[in-house]
Amino acid sequence: MTEFLPTGIQLTYLVASSLFIIGLKKLGSPATARQGNLWAAVGMLLAVVVTLLDQQVLNYQMLLIAIAIGSVIGAIAAQKVAMTAMPQMVGLLNGLGGAASALVAIGEFLRVLNSSGTVGLGATITVILGVLIGGVTLTGSFVAFAKLQGLISGKPLTFPLQQPFNALLLIGFLVCSGYLLVTPENQPIFLAMVAISSVLGVLFVIPIGGGDMPVVISLLNSFSGLAASAAGFVVMNNMLIIAGALVGASGLILTEIMCKGMNRSLPNVLFSAFGGGTSAGAAGAGGAAVEKVVHRIGAEEGAMMLGYARNVVIVPGYGMAVAQAQHSVRELADQLEGLGVEVKYAIHPVAGRMPGHMNVLLAEANVPYPQLYDMEDINPQMDETDVALVIGANDVVNPAARTDAGSPIYGMPILEVDKAKHTIVIKRGLSTGFAGVDNELFYKDKTMMLFGSAKDIVGQLVSEVKQL
């Protein structure tokens, strides 16, 4: 039995890893995302249980208490958090994951040092990586959370010689690392490295605008996976290595998807101080003011346009998420379908605060998956669309991305709602999106504006459509 137990543990780790991979695959589609989440959760349960059976685990009582407390906190948080605050929650979880990995690296380093008086070269390198990645992930994620939550300004926070200062800190960390490799018993140097990595995390995130925080959180999610993988090497746990590598890879893929959806490179997101909230206003060429006309309608006229259309494309955005209007939108779609109108939903990759945000909201309202269309699939159909109904979206439907070479969003793939025969935009006002530029769509002759909260306006449209 004692010979079989290690083998059984490793085989169970293999099964858990397979479940993680299957879960990730299923998470790639809205239709199977819930199943994927369940598969991955079962894999994690197996991994945790079999780890507790390892002979190296000494204090089951403390572990079970910690698991119980964490489970209660996680369950309550999952029930209470609003969908619009999901990026903040992911940021917090990333930070805690980084903290856990860093603490494992620190604890293992000190344990080995105190027991044997020295630490091997390979173990020291792994600990250094765990401390660096974990520390940056911890403080960087907390700063990202604070920006998204409005606890600190969402504008890029910069100071003179910031990049050279960051470079000096990184050089200092590398010098300390080299010194630690030679004299691993020098604990003050090790603690200085922990402090430097924490400061680097803060300075890494503060110069990035709040509009780019979802990209940063996705990148930090990848970092948390790498930190976990490093911690797996520290404690020689294959499951932790594999799980961390999967999180790291999937986080990088998600980051790439978001950057591609904004037509920007990752360095541009991290170092350009984009999304500071400056508005382009209504300035034309040469900075001269240009008069722009907005065509405003009421709910009754909007309902008639929708009810007598042959087909309608609904474009959900962050405004719909904030107003929690997804159930009203589903009710409106049902009413229109009852009148013989074909209804489709157009989903932009970065609509909302993170990829999949709109899919999850619409799934919550039981919108049929076949009605959801990705940008590449719906854009060719816009020319034949009678009415495009934009609910709270801004930059992702701005035609300037196609036409204005001087715009900061030029080249960004958008939902081409301006090509529809008519466009109705539901928005509280004419404020800019995270890019800080005016939206040309609002002033086009074919665009009708319905001002107000998405939930209230869609509710009024439902009432008016019922009367048709």
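Note that this is a predicted model, so its numbers are computed, not measured.
Between the side chains of N398 and E440, no donor-acceptor pair of N or O atoms lies under 3.5 Å. Side-chain contact check for Y13 and N237: at least one donor-acceptor pair (N or O, by modelled atom type) lies under 3.5 Å. A donor-acceptor contact under 3.5 angstrom links the side chains of Y443 and D438, judged on distance only.
Looking only at side-chain heavy atoms (C-beta outward), K344 and I314 stay at 4.5 Å or farther from each other. Using a 4.5 Å heavy-atom threshold, the side chains of F145 and V205 count as separate. For the pair E364/H327, a side-chain contact is recorded, criterion being any heavy-atom separation below 4.5 Å from C-beta on. Looking at heavy atoms from C-beta onward, E416 lies out of side-chain contact with P399 at the 4.5 angstrom threshold. Y179 has its side chain out of reach of V175: every pair of non-hydrogen atoms, C-beta onward, lies at least 4.5 Å apart. Side-chain contact check for V313 versus M382: some heavy-atom pair is nearer than 4.5 Å. Considering only heavy atoms from C-beta on, F20 comes within 4.5 Å of M44 through its side chain. At least one side-chain heavy atom of I206 sits less than 4.5 Å from a side-chain heavy atom of Q162.
Counting heavy-atom neighbours within 6.0 Å of F451 CZ, excluding the residue itself, gives a total above 12. Counting heavy-atom neighbours within 6.0 Å of Y369 OH, excluding the residue itself, gives a total above 12. Other residues, nucleotides and ligands contribute only 12 or fewer heavy atoms inside 6.0 Å of the CZ atom of F233.
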Checklist entry - When you look at I67 and V48, which way does the side-chain contact (heavy atoms from CB on, under 4.5 Å) test go after all the steps? => result CA-CA 10 Å; I67 290 173; V48 170; 4.2 Å; yes
Next on the checklist: Run the side-chain contact (heavy atoms from CB on, under 4.5 Å) test on I391 and V315 for me, step by step, so that the C-alpha distance in whole Å, both residues' side-chain angles and the decisive distance to 0.1 Å come before the verdict.
Outcome noted: CA-CA 6 Å; I391 308 175; V315 180; over 6 Å; no
Checklist entry - Which is it for Y345 and Y373 under the ring pair (Phe, Tyr, Trp, His ring centres under 6.0 Å) test, yes or no, and what are the steps along the way? => result CA-CA 6 Å; Y345 296 81; Y373 287 77; 9.3 Å; no
Item to check | Criterion side-chain contact (heavy atoms from CB on, under 4.5 Å) on Q88 and L92, from CA distance to verdict | outcome: CA-CA 6 Å; Q88 291 95 302; L92 281 178; 6.0 Å; no
Item to check | Worked verdict on D418 versus T423 for side-chain contact (heavy atoms from CB on, under 4.5 Å) | outcome: CA-CA 7 Å; D418 58 310; T423 304; 5.6 Å; no
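Between the side chain of S197 and the main chain of L132, no donor-acceptor pair closer than 3.5 Å is present. Proximity of a side-chain donor or acceptor of H348 to a complementary backbone N or O of P413 within less than 3.5 Å is detected. When atom types are taken as modelled, the side chain of S250 and the backbone of V247 share a donor-acceptor pair closer than 3.5 angstrom. Judged purely by atom type and a 3.5 angstrom limit, K455 has no side-chain atom pairing as donor or acceptor with the backbone of Q326. Distance alone, capped at 3.5 Å, places no donor-acceptor pair between the K147 side chain and the I152 backbone. In this structure, the side chain of N379 engages the main chain of I414 through a donor-acceptor pair within 3.5 Å. Without hydrogens or angle criteria, D374 side chain to P349 main chain gives no donor-acceptor distance under 3.5 Å. Side chain of N94 to backbone of I217: a donor-acceptor contact under 3.5 angstrom is found. No donor-acceptor pair closer than 3.5 Å links the side chain of T137 to the backbone N or O of G98. Under the 3.5 Å distance criterion, the side-chain polar atoms of N186 are left unmatched by any main-chain donor or acceptor of L180.
Between L96 atom CG and L103 atom CG the span is 10.5 Å, to the nearest 0.5 Å. Atom CG of L361 sits about 5.0 Å away from atom CE of M320, to the nearest 0.5 Å. Expressed to the nearest 0.5 Å, how far OG of S229 lies from CD1 of I241 amounts to 6.0 Å. The CG atom of L121 sits 9.0 Å away from the OG1 atom of T126 when rounded to the nearest 0.5 Å. Between atom CG of residue L52 and atom CD1 of residue I9 there is a gap of 10.0 Å, rounded to the nearest 0.5 Å. Atoms CG and OG1, from L200 and T139 in turn, are 8.0 Å apart once rounded to the nearest 0.5 Å.
In terms of heavy-atom proximity, L46 sits nearest to A16 at CB-CB, 4.4 Å. When all heavy atoms of A33 and L27 are compared, the pair lying nearest together is O-CD2, 3.3 Å. A pairwise comparison of heavy atoms in M89 and A78 identifies CE-N, 4.0 Å as the closest pair. The two residues G36 and K26 come nearest to each other via the heavy atoms CA-CB, 3.5 Å. The two residues R34 and A363 make their nearest non-hydrogen contact at NH2-O, 3.9 Å. The heavy-atom pair separating I128 from M193 by the smallest distance is CG1-CE, 3.7 Å.
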I'd like a table of donor-acceptor pairs (distance under 3.5 Å, sequence neighbours excluded) in which one partner is a side-chain atom from residues 219-226, with atom names and distances.
from	atom 1	to	atom 2	distance (Å)
S222	OG	G248	O	2.7
S224	OG	N221	O	2.6

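Considering V199, L161, I171, L203 as possible partners of N166, the one that fulfils the side-chain contact (heavy atoms from CB on, under 4.5 Å) test is L203.
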